[in-house]
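Presented below is the structure to which this report refers.
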Amino acid sequence: MAESNTDTKSSNQMWGGRFASGPDAIMEEINASIGFDKKLFAQDIRGSVAHATMLAHQGIISPDDKDKIVHGLNTILSEIESGNFEFSRRLEDIHMNIEARLATLIGPAAGRLHTARSRNDQVALDFRLWVKEELEKTEKMLTGLIAAFLDRAEEHAESVMPGFTHLQTAQPVTFGHHCMAYVEMFGRDRSRVRHAIEHLDESPIGAAALAGTGYPIDRHMTAKALGFREPTRNSIDTVSDRDFAIEFLSIAAISGMHLSRLAEEIVIWSTPQFGFVRLSDAFSTGSSIMPQKKNPDAAELVRAKTGRINGSLVALLTIMKGLPLAYSKDMQEDKEQVFDAAESLELAIAAMTGMVRDMTVNTARMKAAAGSGYSTATDLADWLVREAGLPFRDAHHVTGRAVALAESKGCDLAELPLADLQAIHSAITDKVYDVLTVEASVASRKSFGGTAPSEVRKQIAFWRARN
Ligand code: ARG
């Protein structure tokens with residue numbers, strides 16, 4: 001799509017009535033948004049078709065003019081889609097580029113389209129429609145990512161791995177349980193997306209510049225035609241509100257943070273030191289100098305994209321925070337933030353879905369790591385509480401002594417001879433060895449939401465029914 005930049009000093013053909021000369025070149029450059037808002041062409045045309053149809057229905061324009069307008073707009077739509085539309089920076093934005101082309105195509109009838117509306121409600125409409133579609137796309141993509149995790153969780157409901165706190169081995173868990181933690185996170189993100197769609201599902205068109213209009217328009221009709229639940233209720237708020245964009249960005253930031261935590265885990269897990277997972281060739285890169293390397297670049301970039309998304313959220317919050325009601329031109333800066341964040345989020349979800357689906361899980365390596373670091377110490381303490389009637393605090397102390405002894409001997413808890421354990425506490429019997437294995441440890445954690453394979457399978461079934 002070409003963009004022309006003529007430096008003719010004539011005044012703007014849309015609003016130049018009271019202007020003797022055109023804008024300075026710098027004015028034109030700072031003012032124009034066509035470079036990025038041309039992305040809104042389809043939404044702009046849909047909005048204009050609905051508006052013109054309503055104007056004719058209400059007798060505000062003639063059916064004949066409406067037909068010409070709608071036909072012209074459809075011609076413009078195919079011109080833009082096929083790359084045969086010349087965008088002009090002198091015409092500032094997508095709204096005036098399309099209207100000017102309409103005038104060339106159909107003549108004076110084009111001038112009737114802007115009756116009972118303003119670019120203020122027009123841009124609010126176009127942008128809302130765009131964000132709504134993006135949220136719907138995000139919802140689908142999150143569903144795909146959740147499905148990838150559900151499959152991996154099912155496959156690994158019994159695979160034992162170390163669970164961490166402070167990135168120190170804490171207690172054995174299953175890899176399936178760990179995968180389901182991400183299902184919960186992305187499930188919350190998806191429900192935030194659904195709420196955001198509900199919040200923005202109101203049509204701005206007809207708020208006009210800020211005060212509404214004296215023409216007998218039907219805002220319920222345009223709302224319905226454009227797929228909104230209802231029209232917005234306050235025309236001042238309508239043209240000054242960008243909450244829908246900020247809400248999209250905040251959801252993107254939260255989801256990006258989740259994706260980044262996952263990325264960080266993948267980076268750690270795929271190191272030779274951990275060796276828990278191996279990324280597929282499709283989602284890793286080699287080094288130009290070190291032939292042995294396989295780098296998790298996609299995961300690292302997902303981690304980095306989160307920084308960009310956070311930047312966009314802070315940018316738009318800052319753009320909006322000082323604006324008096326209603327519309328101010330500052331608000332034109334909303335779009336690039338949202339477009340950039342949307343692109344980053346889509347890429348990040350797609351890359352993560354691919355990585356999760358493709359990665360090879362090294363269950364032997366995970367199991368070996370699960371047993372190291374005295375990960376079943378809590379199980380020993382719990383056994384002392386259950387079988388020997390010790391208060392938990394005392395059991396904790398006894399277990400601490402057993403860990404210290406094992407550490408000094410350079411062995412695992414399960415490798416300590418019974419005599420050694422009995423020297424620490426006489427109530428210990430050889431039954432204790434049953435709980436010191438990682439499998440017994442995870443199988444025992446059957447509390448609701450716990451890591452036992454039986455519980456993980458319940459969690460999977462719960463989410464399968466909702467995905
Ligand atoms: N390009 C503008 C924007 O993105 C459209 C609205 C312009 N309205 C105005 N009164 N100048 O916000």
Side-chain angles (χ1 to χ4, degrees), residues 1 3-5 11-19 22-24 26-48 51 73 76 80 85 87-102 111 113-134 200 203-213 226 232 235-246 248-249 312 315-342:
M1 293 184 241
E3 215 175 295
S4 79
N5 177 23
S11 67
N12 186 289
Q13 69 182 93
M14 294 292 148
W15 46 250
R18 66 178 290 246
F19 286 77
D24 186 89
I26 295 295
M27 178 59 205
E28 193 178 292
E29 190 172 344
I30 195 170
N31 199 34
S33 54
I34 189 64
F36 48 87
D37 69 13
K38 56 182 161 194
K39 236 187 164 75
L40 300 175
F41 72 92
Q43 290 78 9
D44 195 74
I45 289 172
R46 265 170 68 203
S48 289
H51 182 66
L73 288 169
I76 295 170
I80 299 179
F85 187 95
F87 291 100
S88 152
R89 203 174 73 176
R90 279 190 56 225
L91 290 164
E92 280 183 41
D93 56 26
I94 187 63
H95 325 295
M96 296 203 294
N97 268 269
I98 290 176
E99 201 185 317
R101 176 68 184 142
L102 189 64
L113 171 61
H114 213 52
T115 314
R117 79 171 182 188
S118 147
R119 272 187 297 155
N120 296 350
D121 58 341
Q122 195 178 353
V123 73
L125 169 67
D126 295 2
F127 200 28
R128 242 180 224 250
L129 285 171
W130 193 92
V131 171
K132 188 178 176 189
E133 284 163 33
E134 190 60 33
L200 69 60
S203 170
I205 195 73
L210 82 165
T213 175
L226 292 164
T232 55
S235 59
I236 297 175
D237 176 51
T238 301
V239 296
S240 76
D241 167 35
R242 288 296 179 272
D243 289 6
F244 60 94
I246 294 171
F248 171 76
L249 290 172
S312 294
L316 189 53
L317 284 169
T318 312
I319 288 163
M320 296 302 295
K321 72 176 265 299
L323 303 187
L325 309 190
Y327 177 86
S328 296
K329 194 65 173 256
D330 310 49
M331 289 157 73
Q332 176 165 287
E333 295 278 316
D334 55 2
K335 292 165 210 67
E336 283 166 293
Q337 304 303 334
V338 169
F339 293 157
D340 188 79

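All ligand and atom numbering here is 1-based and tracks the order in the structure.
- Interface of Gln332 with ligand 1, defined as ligand atoms under 4.0 Å from a residue heavy atom, comprises 1 (N), 2 (C), 3 (C), 4 (O), 12 (O).
- Judged by a 6.0 Å distance limit and a 45° cone about the ring axis, Lys335 is positioned over the six-membered ring of Phe127.
- Atom numbering of ligand 1 starts at 1 in the shown order; those under 4.0 Å from a heavy atom of Ser33 are 1 (N).
- Under 4.0 Å is where a charged nitrogen must lie from a carboxylate oxygen, and between Arg46 and Glu133 at least one such pair does.
- The protein atom (non-hydrogen) at minimum distance from atom 4 (O) of ligand 1 is Lys335 NZ, 2.6 Å.
- Of all the heavy atoms in Leu125 and Gly47, the pair that sits closest is CD2-CA, 3.6 Å.
- The nearest protein atom to atom 3 (C) of ligand 1, hydrogens excluded, is given as Tyr327 OH, 3.3 Å; this is a heavy-atom distance.
- Less than 4.0 angstrom separates some heavy atom of Asn120 from each of these atoms of ligand 1: 8 (N), 9 (C), 10 (N).
- Between Ala209 and Asn120, the shortest heavy-atom contact is O-ND2, 3.1 Å.
- Salt bridge Asp241/Arg128: present, at least one basic N to carboxylate O contact under 4.0 Å.
- The existence of a salt bridge linking Glu99 and Arg119 is excluded, since no basic side-chain nitrogen approaches an acidic carboxylate oxygen closer than 4.0 Å.
- Looking only at heavy atoms of the protein, atom 11 (N) of ligand 1 is closest to Arg119 NH2, 3.5 Å.
- Each of the atoms 1 (N), 2 (C), 5 (C) of ligand 1 lies under 4.0 Å from some heavy atom of Asp93.
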